[in-house]
Amino acid sequence: MSKHIQAVRGMNDILPDVTPAWRYLEGTVRGLFDAYGYQEIRMPIVESTELFKRSIGEVTDIVEKEMYTFEDRNGDMLTLRPEGTAGCVRAGIQNGLLHNQTQRLWYSGPMFRHERPQKGRYRQFHQIGVETFGLAGPDIDAELILMSARLWKQLGLADAVELQLNSLGSSESRTAYRAILVEYLWHHADQLDEDSQRRLNSNPLRVLDSKNPQMQALIAAAPKLSDHLDAASREHFEQLCALLDAAGVRYTINPCLVRGLDYYSKTVFEWVTDKLGAQGTVCAGGRFDGLVEQLGGRGTPAMGFAMGVERLIALLDQGGIPQQDYRPHAYLVLLGEQAQREGLLLAERLRDAVPGLRIETHCGGGSFKSQFKKADRSGAPLALILGEEECQQGRVGIKPLRDDGEQQQMSHGEAAEWLASYMQQTND
RNA sequence: GUGGCUGUAGCUCAGCUGGUUAGAGUCCUGGAUUGUGAUUCCAGAUGUCGUGGGUUCGAGUCCCAUCAGCCACCCCA
C-alpha cells in the first residue's frame, strides 16, 4: 500500500456508483435556479489570501487555521477558496456586476478547509451557493428561503430538514450587542469553559450556541440579542416571518443561531437535519449587507446561502434517488474479425439515425458467452448481435435481455427504426 | 488541534490464549454448450495481513511509532 500514492487526506474520489446521485442533484438544482431567474457564475478556485482575510474575518477559525494557503512563484499569497461568497463578491465588483444594479447569481464547485475529516465534513467539499445583490428587503430573503424549500420538496427531502431562523441586526446594532455581550461574559470569565473563553476573542456570539450543559445557566442570563435589535432589523425580520407564514413555510426562531462568518448581518438561517450525525447543517446563509463595501465596492445589500453537496447526497442516499437511467439501451456484441471491424461503424450509424440512443459497443474480443455476460452486466435491456452470419447477410440481431421477447434479425435500417420505436415505447 | 474505535484478496469479512504453505463469500477469467446473458456445476487467478521499528526460537495475532478511515469534540456547508 505504501507504494501507492493515496488521495490527500479528506479529499475524496467521487466514484461511478455515486455520480448518478450527483447528476440528479445538480440537474434538479439547475432547473430550480432557472425557474427563479438566477444566472450561473463561475469563479476561480484560487484567490488572493487577502480576500478571505478581509471578508470572512481575521480571527475566525477558517482564516486562522483552516485555509490552504501558499506562496505563488512570484511571491503572492494565494488561498484555495474555503467558501464561495468572497470570490463571488470580488468577481461582481471587478466586473461591474454590482454597480447600481440587481443580480441573482448561483455557483457550484469545490471548497477547501483544512479540518479534521469526519462524517459530512471533508477537506475538499462541494457547495452550491446563491448570492443576490442590490436587494435590501425581506422579500428577497423570503424568495431564497422559498426556493430552498422548493428544492427539498423536489428532492423528496422535505421531511428530513427543518428551518431555523434568526436576525443578527444591522452591523451597527450587532457590533453594539457584541460589546455588551463581551462585557457580560468578561464579568463571568471564571465560569466560562475553555471553548467559550476562546470564542470570547474569536466569535463571542457563538458562546450562546455552546452545547456544554454547564454553560446553559450563564447563557440564559446573558443579554439577549433580540433585545438589542435596531428597529429596522426587527421590522425586516417580522416582515420576513410574515412572508414565510403566508407561504406556509414552517420555521423555528433560534435566538442562538449566529453563523461563524463575520460578514453576516440581519437575517440568518439554516436548514438542519438530525439524520447526518454531528454535521447536521445542510444549507445555510444570511444577509451580508456590508461585505461589498468592505471589499471596496459601493455599499450594496446582499443575501445568499450555500448548500453542502456531500451532505445532501448523504441524505439522498438514505431516501433513495429516482432511477435516473444512464445505462445503455443496447450492448453491441461482436464475433469474428469482420464484425469487430464493422461493429464500431454500425454503432456510429445507429447513433446518427436515432438521436438519444445509448449503445455500448463491445471491445476486446472474447467469446459470445463472455460478451453476453458483459451485455447483461451493462444493464442494457437489449443486446445487438453482429456475428459472421449477420455480417455476410448485412443484418443485425436484436435480443431482449430483460423480458422473454424473441431474438430478431433485421437489416441495419430496420434496426434503427426498431430502436427508435423501442425508445418511444419505453418513453426514453 | 483533542479524544475513542478500526486497518487481512478489487469488495464484505473470518483467523480462538503468538506455532508449519493466511481462509470464506463476492467479483474476475476459463470450461460444462464449435454463435447467446442473470441460475447451477467444475477449474483457475489474485495478498509485502496499512507502513516502519521492537519483543520472541517463532508475530496477521503482543508493544511502540507512523499513515489512513470512521465517530465525537471543535468548526461549519
Side-chain angles (χ1 to χ4, degrees), chain A residues 1-12 15 17 56 60-66 82-85 108-130 148 161 193-196 198-199 202-203 206 209-212 257-261 269-273 276-286 304-315 331 333-336 339 362 364 366-391 397-402 404 406-407:
Chain A
M1 281 309 244
S2 64
K3 283 180 194 158
H4 299 298
I5 295 174
Q6 286 182 290
V8 174
R9 180 170 207 200
M11 307 206 179
N12 301 119
L15 299 175
D17 61 329
I56 298 169
T60 56
D61 275 24
I62 291 180
V63 169
E64 273 186 344
K65 45 195 188 199
E66 295 178 1
E83 56 102 45
T85 301
S108 91
M111 309 293 165
F112 302 84
R113 291 182 201 171
H114 191 105
E115 299 179 275
R116 184 97 166 234
Q118 193 183 325
K119 181 178 194 167
R121 186 172 82 180
Y122 309 101
R123 290 186 175 178
Q124 174 174 334
F125 61 101
H126 295 76
Q127 285 188 340
I128 299 173
V130 170
S148 55
V161 294
D193 63 13
E194 208 179 316
D195 284 330
S196 298
R198 192 170 40 77
R199 286 173 184 144
S202 57
N203 190 348
R206 283 240 35 193
D209 214 0
S210 172
K211 289 173 194 162
N212 188 342
L257 178 61
V258 159
R259 321 262 46 255
L261 285 55
F269 71 96
E270 274 186 25
W271 289 95
V272 296
T273 179
L276 293 181
Q279 311 298 328
T281 303
V282 125
C283 170
F305 67 76
M307 301 179 271
V309 179
E310 283 82 356
R311 292 179 188 179
L312 286 172
I313 295 288
L315 272 185
Y331 190 99
V333 150
L334 306 168
L335 200 70
H362 183 84
S367 66
F368 252 130
K369 183 189 173 66
S370 64
Q371 294 196 34
F372 269 95
K373 217 177 237 178
K374 289 201 169 116
D376 188 54
R377 291 279 149 79
S378 77
L382 301 169
L384 298 183
I385 300 142
L386 193 64
E388 283 161 8
E389 277 174 38
E390 286 85 354
C391 279
I398 298 185
K399 174 177 177 173
L401 297 172
R402 307 280 163 230
D404 37 41
E406 287 286 301
Q407 179 171 332

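Every chain is numbered from 1 and lettered A, B, ... according to where its sequence line falls, protein lines coming before strand lines. Being a predicted model, the structure only gives us computed values, none of them experimental.
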J.: If you check the A:Lys374 side chain, which of B:U29, B:G30, B:G35 turns out closest?
T.: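 For the A:Lys374 side chain, the nearest candidate turns out to be B:U29.
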J.: Passes side chain to side chain contact (heavy atoms under 4.5 Å, CB included), A:Trp271 versus A:Met307? Steps please.
T.: CA-CA 9 Å; A:Trp271 289 95; A:Met307 301 179 271; over 6 Å; no
J.: May I have the distance from A:Glu389 (atom CD) to B:U36 (atom P), rounded to whole angstrom?
T.: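 For the pair A:Glu389 CD and B:U36 P, the rounded distance is 11 Å.
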J.: For B:U46 and B:G25, measure between their C1' atoms and round to the nearest Å.
T.: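 Straight-line distance between the two C1' atoms is 15 Å.
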J.: Could you point out which residue of A:His362, A:Lys374, A:Gln371 forms a side-chain hydrogen bond (donor to acceptor under 3.5 Å, both in side chains) with A:Tyr331?
T.: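 Testing each of A:His362, A:Lys374, A:Gln371 against A:Tyr331, the sole residue satisfying side-chain hydrogen bond (donor to acceptor under 3.5 Å, both in side chains) is A:His362.
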J.: Check whether any side-chain heavy atom of A:Glu310 lies under 4.5 Å from a side-chain heavy atom of A:Ile313, and answer yes or no.
T.: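 The answer is no, as the side chains (C-beta and beyond) never meet within the 4.5 Å cut-off.
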J.: Can you tell me, in whole Å, how much space there is between the P of B:G23 and that of B:G15?
T.: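 Their P atoms lie roughly 15 Å apart.
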J.: Return yes if the base of B:U36 and the side-chain atoms of A:Gln407 contain a donor-acceptor N/O pair under 3.5 Å, otherwise no.
T.: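 Donor-acceptor pair under 3.5 Å: yes.
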J.: Please identify each residue that fulfils salt bridge (charged side-chain N to carboxylate O under 4.0 Å, His left out) with A:Arg206, with sequence neighbours left out.
T.: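 For A:Arg206 the salt bridge (charged side-chain N to carboxylate O under 4.0 Å, His left out) partners, ignoring immediate neighbours, are A:Asp209.
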J.: According to a strict under-4.0 Å criterion, is A:Arg9 in side-chain N/O contact with OP1 or OP2 of B:G69?
T.: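 Result: yes.
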J.: For nucleotides B:U26 and B:A68, find the distance between their C1' atoms and express it as a whole number of Å.
T.: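 Comparing C1' positions in B:U26 and B:A68 gives a spacing of 25 Å.
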J.: Listed by chain and number, what are the salt bridge (charged side-chain N to carboxylate O under 4.0 Å, His left out) partners of A:Lys119, not counting sequence neighbours?
T.: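 With sequence neighbours excluded, A:Lys119 shows a salt bridge (charged side-chain N to carboxylate O under 4.0 Å, His left out) to no residue whatsoever.
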J.: Can you tell me the distance, in whole Å, between the CD atom of A:Glu194 and the C1' atom of B:G1?
T.: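 Computing the A:Glu194:CD to B:G1:C1' distance gives 11 Å.
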J.: Tell me, please, which residues at least two apart from A:Arg9 pass side chain to side chain donor-acceptor pair (under 3.5 Å).
T.: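 In terms of side chain to side chain donor-acceptor pair (under 3.5 Å), with neighbours along the sequence ignored, A:Arg9 is linked to no residue.
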J.: Measure the distance from CE on A:Met11 to P on B:G69 and round it to the nearest whole Å.
T.: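 My rounded result for the distance is 11 Å.
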J.: Rounding to the closest angstrom, what is the interatomic distance between B:U8 and B:C62 at atom P?
T.: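 That atom pair is separated by 15 Å.
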J.: Considering only nitrogen or oxygen atoms on both sides, find all protein atoms under 3.5 Å from nucleotides 38-45 of chain B and state each distance.
T.:
unit_1: B:A38; atom_1: O4'; unit_2: A:Asp376; atom_2: OD2; d: 2.9

J.: Specify the closest pair of heavy atoms between A:Ser148 and A:Phe305, including all atoms of both residues, with the distance to one decimal.
T.: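 Here A:Ser148 and A:Phe305 meet closest at CB-CZ, 4.2 Å.
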J.: Taking atom P in both B:G69 and B:C76, compute the distance separating them and give it to the nearest angstrom.
T.: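 Looking at atom P only, B:G69 and B:C76 are 22 Å apart.
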J.: Write down the distance separating the C1' atoms in B:U51 and B:G7, rounded off to the nearest Å.
T.: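 To the nearest whole Å, 11 Å.
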J.: Stacking between A:Phe372 and the base of B:G37 (centre distance under 5.5 Å, interplanar angle under 30°)?
T.: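 Stacking is absent between B:G37 and A:Phe372, given that the ring centres and planes do not meet under 5.5 Å and under 30°.
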J.: Sequence neighbours left out, what passes salt bridge (charged side-chain N to carboxylate O under 4.0 Å, His left out) with A:Glu115? Give chain and number order.
T.: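 So A:Glu115 forms a salt bridge (charged side-chain N to carboxylate O under 4.0 Å, His left out) with A:Arg121.
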J.: Taking side chain to side chain donor-acceptor pair (under 3.5 Å) as the test, write out the residues that go with A:Thr281, two or more places apart.
T.: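 If we apply the side chain to side chain donor-acceptor pair (under 3.5 Å) test to A:Thr281, skipping adjacent residues, the hits are A:Glu270.
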J.: Distances for protein N/O vs nucleotides 9-13 of chain B N/O pairs under 3.5 angstrom?
T.:
none

J.: Could you tell me whether the side chain of A:Arg123 and the main chain of A:Asn12 form a donor-acceptor pair under 3.5 Å?
T.: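 No: the side chain of A:Arg123 does not pair with the backbone of A:Asn12.
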J.: In whole Å, what separates the P atom of B:U6 from that of B:G10?
T.: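 Approximately 23 Å lies between the P atom of B:U6 and that of B:G10.
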J.: May I ask you to say what A:Gly10 touches in the nucleic acid, namely base, sugar-phosphate or nothing, with a heavy-atom cut-off under 4.0 Å?
T.: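 Sugar-phosphate contact only.
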J.: Can you tell me, in whole Å, how much space there is between the P of B:U56 and that of B:C67?
T.: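 That atom pair is separated by 27 Å.
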J.: Take nucleotides 71-77 of chain B nucleotide by nucleotide from the 5' end and write B, S or -, depending on whether a protein heavy atom sits under 4.0 Å from the base, only from the sugar-phosphate, or from neither.
T.: SBBBBBB
J.: Is a donor-acceptor contact shorter than 3.5 angstrom present between the side chain of A:Glu390 and the base of B:G35?
T.: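 Yes.
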J.: What pair of heavy atoms forms the shortest contact from A:Leu276 to A:Ala314, and how long is it?
T.: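 Closest approach of A:Leu276 to A:Ala314: CD2-CB, 3.7 Å.
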J.: Show me the dot-bracket string of RNA chain B, counting Watson-Crick or G-U pairs under 3.5 Å, with | for pairs to another strand and [ ] for crossing ones.
T.: (((((((..((((.....[...)))).(((((.......))))).....(((((..]....))))))))))))....
J.: Would you call A:Asp195 and A:Arg198 a salt bridge, taking side-chain N to carboxylate O under 4.0 Å as the test?
T.: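 Answer for the salt bridge query: yes.
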J.: Please give, in whole Å, the distance from B:U29 P to A:Gln371 CD?
T.: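 In whole Å, B:U29 P lies 12 Å from A:Gln371 CD.
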J.: Would you tabulate the side-chain donor-acceptor contacts of residues 381-388 of chain A under 3.5 Å, counting partners in other chains and residues two or more places apart, or write 'none'?
T.:
none

J.: Mind checking what makes side chain to side chain contact (heavy atoms under 4.5 Å, CB included) contact with A:Ile62, not counting sequence neighbours?
T.: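 A:Ile62: side chain to side chain contact (heavy atoms under 4.5 Å, CB included) contacts with A:Ile56, A:Thr60, A:Glu66, A:Met67, A:Pro82, A:Arg113, A:Leu261.
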J.: Using the salt bridge (charged side-chain N to carboxylate O under 4.0 Å, His left out) criterion, which residues pair with A:Asp193? Sequence neighbours excluded.
T.: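 Residues passing salt bridge (charged side-chain N to carboxylate O under 4.0 Å, His left out) with A:Asp193: none at all.
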